Structure formats: C-alpha cells, structure tokens
Amino acid sequence: MDEVKQIVNDIKQGNIKPVYFLMGEEPYYIDKISEFIDKNVLAEEEKGFNQMVLYGRDVTIEDIVSNAKRYPMMAERQVVIVKEAQELSRTIEKLVNYVENPQPSTVLVLCYKYKKIDKRKKLYKVVAKNGVIYESKKLYENQVADWIRRVLGGAKYTIEPKASQMLVEFLGTDLNKITNELEKLKLIIPSGSQITADQIEKNIGISKEFNNFELRKAIGTRNVVKAHLIINYFAQNPKDNPLVVTISLLYSYFSQVLQYHGLLDKSQRNVAAVLRVNPYFVKDYSDAAHNYPMKKVSGIIAFLRDADIKSKGVGAANLPQGDILKELLVKIMS
C-alpha cells in the first residue's frame with residue numbers, strides 16, 4: 001500500500017514517468033493505479049484525442065509501440081493504457097526497444113495481471129531504469145484484516161476485530177470483493193463510526209453467530225454445544241459454508257496453536273507478532289493451547305488432513321459434507 005501511495009503522490013506532484021508496468025497476482029492495486037492515471041493525468045477536454053485504452057488480446061506489441069510513438073494533439077502528453085497485457089506474455093520482451101527510448105510525451109501503462117515478467121530479463125531492467133515497475137502481491141489471509149483496518153482508517157472509520165475477521169472468512173483475500181462490501185457499509189454508516197459485527201450481519205448477510213470464526217472459537221474453548229450448533233447450521237447451508245473453507249481455516253488455526261505451544265515468550269505482544277494475529281485474539285490461542293496439549297494438536301492436524309481427503313471424495317464416496325464435519329468435530333473434541 002505504501003508503494004502505491006508513493007506512485008500516486010509522485011503523479012500528483014507532476015513526477016510522471018513514461019512507462020508504468022503494473023504486474024502481479026493481486027489485481028486490486030493494478031486497477032487502482034491504472035484508474036488513477038486514467039482519471040488524473042489528462043484534463044477531461046484532452047482525453048478525446050490523447051487517451052486510449054487497448055486490450056492485450058486484441059493488439060500486438062507493434063500496435064502498442066505505434067500508438068505510444070504518436071505525438072499528443074493540443075496537449076502536453078498522451079496516455080496509452082494496455083489492459084490484459086498478460087495476454088502478450090509470449091512477445092512482451094519486444095517492448096525493450098521502445099522502453100529503452102520511450103516517447104517523453106507518452107504515458108504508457110501496462111496492466112499485466114496474475115503474472116509477472118522475469119526479473120532476470122532485459123525488459124524488467126529497462127522499465128526499472130526508465131519508468132516504474134510495480135509488483136502487486138497477493139495478501140496472505142492474516143494480512144487482510146489489517147488491510148481492512150487501514151483502508152477504513154483512511155476514510156475515518158474503525159472496525160471491531162471480530163467484524164474484520166468475519167469479512168475475511170466470508171470473502172477471503174479478494175480485495176475487490178472486500179472493497180465492494182466496504183463501500184456498501186460506508187453508504188449506510190456515517191463517517192467517524194465504528195463498524196461492528198452486528199452491522200456486518202445486518203448489511204452484508206454474514207451470520208455473526210454461525211461462521212468459521214465462531215466455530216474455531218467454540219472448538220478452542222471446548223464449547224461442545226455451540227460447536228455442534230454451528231456445524232449443524234453449516235450442514236443445512238453447505239453452499240454458503242463450503243467444507244473445504246472450514247477445513248482450511250481450522251488447519252491454519254491449529255497450526256498456529258501448535259506454533260504457540262513452541263513459543264518460549266508467550267507475552268501478548270510476542271504471540272501476536274509471531275502468529276501474525278491481532279493482539280485482541282491472542283487469548284483465543286492461549287485458551288486453545290490450554291485445552292489441547294501439543295500432542296493432541298498434532299493429532300488434530302492429522303484428522304484435518306484426513307477430512308480434507310474425504311471432502312474430495314477419496315475413501316468417502318457420496319458421504320455428505322455435513323457428516324464429514326460432524327465426524328471431524330467428534331475426533332477433535334474427544
């Protein structure tokens with residue numbers, strides 16, 4: 001996020017480069033940077049003759065270079081944005097000659113999503129020298145809650161840790177999906193407010209009681225009744241609560257509990273740093289470690305692997321997902 005801010009600030013200050021190569025697994029920031037350039041580099045009256053959008057599947061490198069070498073009409077510069085540039089991955093190195101000597105009055109933006117160019121090859125090196133190369137990396141799940149907090153903080157909102165965790169577990173790491181839901185919330189909730197779990201449940205439709213976060217907490221505290229209520233709800237609503245997601249989240253959770261057992265320094269600050277969790281949730285790991293000794297946790301991880309195999313139909317043909325989850329819960333909590 002800091003690198004994106006730097007790119008945006010440089011453009012605002014007039015420090016505009018002739019080439020922006022935006023690549024990587026996370027499309028969200030690639031879209032944000034290209035949209036900012038689209039909206040802000042040229043005045044509205046200049047865009048008709050001097051701004052164009054090309055698509056990688058419809059053009060060649062030669063087409064891009066030809067457009068980039070044009071001179072602007074009645075404007076200081078022109079903007080050429082190439083979306084889906086990853087479609088040109090086989091020939092992308094042909095851009096080297098242009099990037100070595102780019103047209104100073106052209107801003108060429110290449111949106112190279114879900115892939116990245118080889119850093120050892122010449123194109124990467126000449127873009128880094130003469131333009132801007134930005135790699136948009138996919139956030140790990142344990143980074144997304146903090147990302148949500150920072151994004152909302154920029155809009156003068158705060159969010160409960162449980163509420164942000166609900167969003168992550170329901171929406172995963174797709175930043176575009178998360179942003180869409182946050183925008184909906186901002187239309188309803190006044191700036192300066194705290195976004196709560198109740199508001200998430202009411203406005204987005206995520207149950208604050210029957211979700212993977214609450215299941216994990218119930219298992220960690222050995223709340224058998226609540227855990228069974230949640231998995232029964234999951235069994236009745238399998239499309240909204242896919243087994244593969246539940247198993248994956250429980251696997252991550254107990255892997256962290258195992259890591260907690262191995263820590264010499266179990267202070268809140270150290271646990272939060274090592275496990276990469278919000279300090280608010282450290283007590284959950286402490287409770288789980290108390291209830292599940294290290295040897296038991298190792299066994300649970302094995303149970304989760306077995307359940308994952310069964311969920312894919314191996315050794316458990318036609319077994320309902322709800323039954324797999326119920327069997328797993330009995331093994332974990334026995």
Side-chain angles (χ1 to χ4, degrees), residues 1-5 8 26-33 35-36 136-221 223 226 229-230 233-234 237 239-242 245-246 248-250 252-253 256 268-269 271-273 275-288:
M1 187 183 288
D2 292 337
E3 192 177 350
V4 175
K5 286 181 180 177
V8 168
E26 177 50 68
Y28 177 82
Y29 284 118
I30 294 174
D31 289 338
K32 285 296 177 186
I33 295 171
E35 284 171 12
F36 183 82
S136 185
K137 296 178 181 178
K138 201 82 173 173
L139 292 185
Y140 293 112
E141 189 175 295
N142 57 24
Q143 297 174 309
V144 179
D146 185 57
W147 180 86
I148 291 171
R149 181 187 60 76
R150 291 176 67 185
V151 167
L152 288 173
K156 298 182 180 178
Y157 289 88
T158 58
I159 185 168
E160 289 180 348
K162 179 179 177 179
S164 60
Q165 196 66 32
M166 285 169 64
L167 286 171
V168 175
E169 294 192 354
F170 186 72
L171 300 170
T173 60
D174 188 323
L175 301 188
N176 280 312
K177 281 185 181 179
I178 294 171
T179 299
N180 289 338
E181 297 302 332
L182 293 180
E183 290 302 318
K184 292 177 190 175
L185 290 170
K186 285 192 277 187
L187 290 173
I188 301 163
I189 301 167
S191 180
S193 303
Q194 182 176 57
I195 295 172
T196 66
D198 286 335
Q199 290 165 331
I200 297 291
E201 180 176 46
K202 180 180 178 182
N203 297 298
I204 298 181
I206 309 171
S207 172
K208 70 172 185 176
E209 296 297 333
F210 299 102
N211 56 63
N212 284 304
F213 173 75
E214 290 298 326
L215 174 62
R216 198 173 65 180
K217 190 171 182 179
I219 291 173
T221 57
N223 189 335
K226 186 172 183 180
L229 284 172
I230 294 171
Y233 177 85
F234 284 4
N237 302 274
K239 289 184 179 179
D240 294 332
N241 304 278
V245 174
T246 299
S248 175
L249 290 170
L250 287 175
S252 296
Y253 175 63
Q256 288 173 306
Q268 184 186 59
R269 183 176 180 178
V271 172
L275 300 189
R276 296 182 179 179
V277 298
N278 189 305
Y280 177 86
F281 297 116
V282 168
K283 188 176 183 303
D284 293 348
Y285 293 92
S286 174
D287 290 342

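Starting from 1, each residue takes its place in the sequence as its number. This one's a predicted model, so the numbers in the text were calculated from it and none came from an experiment.
- A search for side chain to side chain contact (heavy atoms under 4.5 Å, CB included) contacts involving Ser286 returns Tyr260, not counting sequence neighbours.
- Qualifying ring pair (Phe, Tyr, Trp, His ring centres under 6.0 Å) partners for Tyr28, counting only residues two or more places apart in sequence or in other chains: Trp147.
- No donor-acceptor pair under 3.5 Å is formed between the side chain of Asn237 and the backbone N or O of Asp240.
- For the atom pair NZ of Lys32 and CG of Leu175, the computed distance is 10.5 Å after rounding to the nearest 0.5 Å.
- With sequence neighbours excluded, the residues that form a side-chain hydrogen bond (donor to acceptor under 3.5 Å, both in side chains) with Asp198 are Lys208.
- With sequence neighbours left out, Phe170 forms a ring pair (Phe, Tyr, Trp, His ring centres under 6.0 Å) with no residue at all.
- Between Thr196 and Ala163 the shortest heavy-atom distance is C-CB, 3.7 Å.
- Pairs passing the ring-ring contact (aromatic ring centres under 6.0 Å, His included) check and including a residue from residues 172-213, sequence neighbours excluded, read Phe210-Tyr233, Phe213-Phe281.
- By the side-chain hydrogen bond (donor to acceptor under 3.5 Å, both in side chains) test, Ser164 pairs with no residue at all, sequence neighbours left out.
- In terms of heavy atoms, Ala197 sits closest to Met166 at CB-SD, 3.7 Å.
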Problem set entry | CA sep, side-chain torsions, deciding dist, call: Arg216, Gln165, side-chain contact (heavy atoms from CB on, under 4.5 Å) | CA-CA 12 Å; Arg216 198 173 65 180; Gln165 196 66 32; 3.9 Å; yes

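- Taking CG from Asn203 and CD1 from Ile195, the interatomic distance works out to 9.5 Å, rounded to the nearest 0.5 Å.
- Residues passing the side chain to side chain contact (heavy atoms under 4.5 Å, CB included) test with Gln143, sequence neighbours excluded: Leu139, Tyr140.
- Every side chain to side chain contact (heavy atoms under 4.5 Å, CB included) that Tyr280 has, sequence neighbours left out, goes to Pro161, Asn278.
- Evaluation of the salt bridge (Lys or Arg N to Asp or Glu O under 4.0 Å) rule for Lys226 yields Glu209, Glu214 as partners, not counting sequence neighbours.
- Note that NZ of Lys239 and CG of Asn241 are 13.0 Å apart. Values are rounded to the nearest 0.5 Å.
- With rounding to the nearest 0.5 angstrom, the CD1 atom of Ile33 is 7.5 Å from the CD atom of Glu3.
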For this session: Please report the C-alpha distance between Ile200 and Leu185 in whole Å, then the side-chain angles of each, then the deciding distance to 0.1 Å, and finally whether the side-chain contact (heavy atoms from CB on, under 4.5 Å) criterion is met.
Result: CA-CA 8 Å; Ile200 297 291; Leu185 290 170; 3.7 Å; yes

For this session: Check step by step if side-chain contact (heavy atoms from CB on, under 4.5 Å) holds for Leu167 and Ile204.
Result: CA-CA 9 Å; Leu167 286 171; Ile204 298 181; 3.6 Å; yes

For this session: Give the C-alpha distance, both sets of side-chain angles, the deciding distance and a yes or no for side-chain contact (heavy atoms from CB on, under 4.5 Å) between Leu215 and Phe234.
Result: CA-CA 10 Å; Leu215 174 62; Phe234 284 4; 3.9 Å; yes

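- The heavy-atom pair separating Asn211 from Ser207 by the smallest distance is ND2-O, 2.6 Å.
- Nearest approach of Val282 to Gln268, heavy atoms of both residues: CG2-O, 3.7 Å.
- One finds the OG atom of Ser136 at 9.0 Å from the CG atom of Asp31 (value rounded to the nearest 0.5 Å).
- For Lys138, the side chain to side chain contact (heavy atoms under 4.5 Å, CB included) test picks out Glu25, Glu26, Thr173, with sequence neighbours left out.
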Side-chain donor-acceptor contacts of residues 150-158 below 3.5 Å, not counting sequence neighbours, with atom names and distances?
residue : atom : partner : partner atom : Å
Arg150  : NH2  : Asp2    : OD1          : 3.3
Tyr157  : OH   : Lys186  : O            : 3.4
Tyr157  : OH   : Ile189  : O            : 2.6
Tyr157  : OH   : Ser191  : N            : 3.4

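- Qualifying side-chain hydrogen bond (donor to acceptor under 3.5 Å, both in side chains) partners for Asp146, counting only residues two or more places apart in sequence or in other chains: Arg149.
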